[in-house]
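Here is the structure we will look at, set down as structure tokens.
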Amino acid sequence: MAAQNGEAKRTKVPMRVLVTGGTGLVGQAIHRVVQEDPCEDEEWIFVSSKDADLTDPAATQALFERHQPTHVIHLAAMVGGLFRNLKYNLDFWRNNIRINDNVLHLAYENGVRKCVSCLSTCIFPDKTTYPIDETMVHNGPPHDSNFGYSYAKRMIDVQNRAYYVQHGCKFTSVIPTNVFGPHDNFNLEDGHVVPGLVHKVYTAKRDNKPLTVWGTGSPRRQFIYSYDLARLMVWVLKDYQEVDPIILSVGEEDEISIKECAELVVDAMDFKGEVIFDTTKSDGQFKKTASNAKLRKYLPDFRFTPIKQALKETCDWFTENYDTARK
Ligand SMILES: NC(=O)c1ccc[n+]([C@@H]2O[C@H](COP(=O)([O-])OP(=O)(O)OC[C@H]3O[C@@H](n4cnc5c(N)ncnc54)[C@H](OP(=O)(O)O)[C@@H]3O)[C@@H](O)[C@H]2O)c1
């Protein structure tokens, strides 16, 4: 996606934010949030792999030279569901290490004032106590299924600390729980829980067939709406001063079961057919409860969109954009 403002403004703009991964689920949500509340002295630039392949140092350097950002939100990553992770752990490791090293080092070389990168709650140690908090990222091996992705993500935190200690850089990271919203990847084979359910309910309704949910429906998850995450990430960019990561999540009390989530999607789509839980399929981890106490210490009054409303908006978006949505 091209820069939003022209070359002429470049020298006058005090804050020029480069968003890598700007065409993805989270990037598109940040795009909408900053469009809804524009600031005159800010320029936001949203880029995708078509603007630069960030695994390539020369292409990354050219991107930074072209846009000369003062701030970076770094979202670009090789991401995927369980089966893609299981199959391509090496690719997840190598591609993400390259992308992150290129972006962080060019941010340093170009004097970027603040860089916010994205970790994930799925990179935490497999064997842990609950709730998970920010101090536990490096406490033990991640789950076997996605160790390539997880270790590459964890190294962002190591690099942030090293850039701070050696060069005083203000590079930090956020740790979102399961994100969902418009522009998600709704692929049935390889998507995440919510977009997978939305797509399944859509086709079950269209084809007048029962809905089959994989597993017992009892595992519990915290879901964050992409627009809430976007608003929080803009706050982190502007106001959060720590190098240590911060978990961006709804509270422990807002964790819901997959069954409850499926029922909300069924209601939102007005699906009247039969719902079957295929208990021969694996449930995955029962829970991964994360604490948002640190976030609440900073922003006690932040209001998350109620999950019912957020899921309804996501279902409506998918229905309206069925032909072009990522499936
Ligand atoms: N989705 C979740 O539930 C979740 C949860 C926790 C953390 N996160 C993290 O949040 C961040 C954003 O995730 P998302 O769900 O928004 O991902 P997404 O929708 O899959 O988008 C990924 C973005 O990264 C870009 N990208 C991928 N490989 C690239 C490369 N080699 N060079 C340049 N750009 C590249 C893609 O560009 P193209 O469009 O051109 O392919 C796209 O803009 C990621 O760092 C992810 O790890 C996501």
Side-chain angles (χ1 to χ4, degrees), residues 20-21 26 54 72-82 85-86 88-105 107-108 114-179 192 221-222 224 229 232-233 236-237 240-249 251-252 255 284-298:
T20 72
V26 182
L54 298 174
V72 172
I73 292 186
H74 173 40
L75 305 170
M78 180 178 176
V79 297
L82 176 68
N85 269 280
L86 277 168
Y88 299 112
N89 265 296
L90 178 64
D91 293 353
F92 274 94
W93 161 260
R94 294 190 74 211
N95 286 334
N96 285 321
I97 283 287
R98 283 173 171 160
I99 290 173
N100 299 335
D101 188 54
N102 288 336
V103 170
L104 292 180
H105 199 63
Y108 155 66
K114 181 90 169 269
C115 178
V116 180
S117 301
C118 217
L119 313 185
S120 165
T121 45
C122 69
I123 69 162
F124 275 92
D126 184 30
K127 296 189 174 44
T128 183
T129 52
Y130 295 100
I132 296 160
D133 71 42
E134 293 84 351
T135 65
M136 300 174 175
V137 172
H138 303 285
N139 281 1
H143 196 267
D144 265 352
S145 59
N146 66 349
F147 67 91
Y149 174 83
S150 299
Y151 279 120
K153 284 282 184 190
R154 288 183 186 189
M155 290 309 113
I156 290 180
D157 178 51
V158 173
Q159 273 188 270
N160 284 346
R161 271 192 281 157
Y163 277 111
Y164 177 70
V165 169
Q166 203 167 323
H167 298 297
C169 297
K170 274 195 187 172
F171 295 171
T172 190
S173 58
V174 299
I175 312 180
T177 43
N178 300 267
V179 190
H192 291 114
R221 297 286 182 268
Q222 285 154 300
I224 181 165
L229 177 61
L232 288 170
M233 287 196 73
V236 168
L237 183 75
Y240 177 73
Q241 300 300 335
E242 296 184 36
V243 171
D244 290 339
I246 181 164
I247 290 174
L248 302 181
S249 171
E252 292 160 61
E255 191 171 51
Q285 235 172 314
F286 178 66
K287 62 174 190 171
K288 320 178 187 181
T289 320
S291 164
N292 72 352
K294 185 175 186 178
L295 174 66
R296 281 300 181 207
K297 196 183 71 179
Y298 281 105

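Below, each value reflects all heavy atoms present in this structure, side chains not excepted, and no hydrogens, waters or symmetry copies.
Judged purely by atom type and a 3.5 angstrom limit, N160 has no side-chain atom pairing as donor or acceptor with the backbone of V243. For Q222 (side chain) and A290 (main-chain N/O), a donor-acceptor pair under 3.5 Å exists by modelled atom type. Of the possible polar contacts, one joining the T20 side chain to the L75 backbone as a donor-acceptor pair under 3.5 Å is found. Under the 3.5 Å distance criterion, the side-chain polar atoms of T177 are left unmatched by any main-chain donor or acceptor of S249. No donor-acceptor pair under 3.5 Å is formed between the side chain of D157 and the backbone N or O of D244. Side-chain N or O atoms of R154 include none that pairs as donor or acceptor with a backbone N or O of H138 at under 3.5 Å. Listed for the K153 side chain is no donor-acceptor partner under 3.5 Å among the backbone atoms of C122.
Taking CE of M78 as the start and OH of Y88 as the end, the distance is 8.0 Å to the nearest 0.5 Å. I97 contributes atom CD1, which lies 11.0 Å from atom CG of N102 (distance to the nearest 0.5 angstrom). A distance of 10.5 Å separates CH2 in W93 from CZ in F147, rounded to the nearest 0.5 Å. Atom OG of residue S120 and atom CG of residue N146 lie 8.0 Å apart, to the nearest 0.5 angstrom. Here the CD1 atom belonging to I156 is positioned 8.5 Å from the SG atom belonging to C115, to the nearest 0.5 angstrom.
Under the ring pair (Phe, Tyr, Trp, His ring centres under 6.0 Å) criterion, Y149 pairs with no residue, sequence neighbours left out. Under the rule for a side chain to side chain contact (heavy atoms under 4.5 Å, CB included), the partners of T172 that lie at least two apart in sequence or sit in another chain are K114, V116, V236, Y240. Looking at residues two or more places apart in sequence or on another chain, you find no ring pair (Phe, Tyr, Trp, His ring centres under 6.0 Å) involving Y164. Applying the side chain to side chain contact (heavy atoms under 4.5 Å, CB included) test to S145 and every residue at least two apart in sequence or in another chain returns L82, L86, H143. Qualifying side chain to side chain contact (heavy atoms under 4.5 Å, CB included) partners for D101, counting only residues two or more places apart in sequence or in other chains: Q159.
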Quick one, L248 with L295, criterion side chain to side chain contact (heavy atoms under 4.5 Å, CB included). Give me CA distance, side-chain angles, the key distance, then yes/no.
CA-CA 7 Å; L248 302 181; L295 174 66; 3.9 Å; yes

In sequence, state the C-alpha distance, the side-chain angles, and the governing distance for E252 and S291, and then conclude on side chain to side chain contact (heavy atoms under 4.5 Å, CB included).
CA-CA 6 Å; E252 292 160 61; S291 164; 3.9 Å; yes

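Annotation for R94: atom CZ does not count as buried by contact number, only 12 or fewer foreign heavy atoms lying within 6.0 Å. The environment of Y151 atom OH is dense: over 12 non-hydrogen atoms of other residues, nucleotides or ligands sit within 6.0 angstrom.
Contact annotation: the side chain of I132 never approaches that of I175 to less than 4.5 Å [non-hydrogen atoms, C-beta and beyond]. Side-chain contact check for V137 versus I123: some heavy-atom pair is nearer than 4.5 Å. Counting heavy atoms from C-beta outward, H192 and R221 have side chains that stay 4.5 Å or more apart. Contact of the V26 side chain with the V179 side chain is registered, since non-hydrogen atoms from C-beta on lie closer than 4.5 Å. The closest side-chain heavy-atom distance from S150 to F124 is not below 4.5 Å.
Closest approach of N100 and A152 over heavy atoms only: ND2-O, 3.8 Å. Annotation for S173 and L119: closest pair OG-CD1, 3.6 Å, computed over non-hydrogen atoms. Counting all heavy atoms, side chain and backbone alike, N85 lies closest to G80 at ND2-O, 2.9 Å. Here the closest heavy-atom approach between residue L54 and residue A76 is recorded as CD1-CB, 3.6 Å. Of all the heavy atoms in Y108 and C169, the pair that sits closest is CD1-SG, 3.7 Å.
Applying the salt bridge (charged side-chain N to carboxylate O under 4.0 Å, His left out) test to every pair with at least one member in residues 124-152, sequence neighbours left out, gives no pairs at all.
Paired with Y163 under the rule side-chain contact (heavy atoms from CB on, under 4.5 Å), one option of H167, R161, Q166 passes, and it is H167.
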